[in-house]
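This chain uses plain numbering: 1 for the first residue, then up along the sequence. Values below: every heavy atom of this structure, side chains too, minus hydrogens, waters and symmetry copies.
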Amino acid sequence: MALFAASVDAPEKNARFARELELTYPILSDPGKKVAKAYGVLHPIARFATRTTIYIGIDGKVLYIDRKVEPATAGADMIRRLEELGIPRRSGSGA
């Protein structure tokens with residue numbers, strides 16, 4: 001399993017944000033907004049990416065799209081969804 005975030009912000013801004021939060025996963029930058037648009041997460045008017053979690057299987061197929069991400073519960077929600085999708089926990093991950 002791989003975990004990463006994506007943002008339409010510039011790489012420098014994402015790197016600073018990741019350091020400030022001490023993230024253990026990368027933030028991919030999409031300043032041209034092409035990927036956000038392709039995944040259907042680009043707000044049509046404001047042109048920012050909406051909070052969305054996309055679960056992609058090892059075969060590259062989209063397993064589930066969560067368009068109602070709540071930052072306060074996102075971690076627990078993600079664990080629950082992975083369990084529902086039958087994705088096994090990694091040993092030693094603490095999750």
Can Ile58 be reached from Leu85 by stepping across I, L, V, M, F, W or Y side chains whose heavy atoms are under 4.5 Å apart?
no
For the pair Arg80 and Glu84, find out whether any cationic side-chain nitrogen is under 4.0 Å from an anionic carboxylate oxygen.
yes
Hey, does Met78 have a side-chain heavy atom less than 4.5 Å from the side chain of Leu3?
yes
Compile the donor-acceptor pairs under 3.5 Å between side chains in residues 66-75 and protein atoms, sequence neighbours left out, one pair per line.
unit_1, atom_1, unit_2, atom_2, d
Asp66, OD1, Lys68, N, 2.9
Arg67, NH1, Gly40, O, 3.3
Thr73, OG1, Asp77, OD2, 2.7

Closest approach of Pro11 to Ser29 (non-hydrogen atoms, all atoms of both residues):
CA-OG, 3.1 Å
Could you tell me the separation between the CZ atom of Arg19 and the CD1 atom of Ile27, rounded to the nearest 0.5 Å?
10.5 Å
Smallest heavy-atom separation, Phe4 atom then Tyr25 atom, equals CA-CD1, 4.1 Å
Working to the nearest 0.5 Å, report the span between CG of Leu42 and CZ of Phe48.
9.0 Å
Separation between CZ of Arg81 and OH of Tyr64, rounded to the nearest 0.5 Å:
3.5 Å
Val41 side chain reached by Arg51 side chain, heavy atoms, under 4.5 Å:
no
To the nearest 0.5 angstrom, please state how far the CG atom of Asp30 sits from the OH atom of Tyr39.
11.0 Å
Within-4.5 Å side-chain heavy-atom neighbours: Thr52 and Ile65:
yes
Say you draw a straight line from OH of Tyr55 to CD1 of Ile87; how long is it, rounded to the nearest 0.5 Å?
10.0 Å
So, taking the atom named NZ in Lys37 and the one named CZ in Arg47, what distance separates them when rounded to the nearest 0.5 Å?
6.5 Å
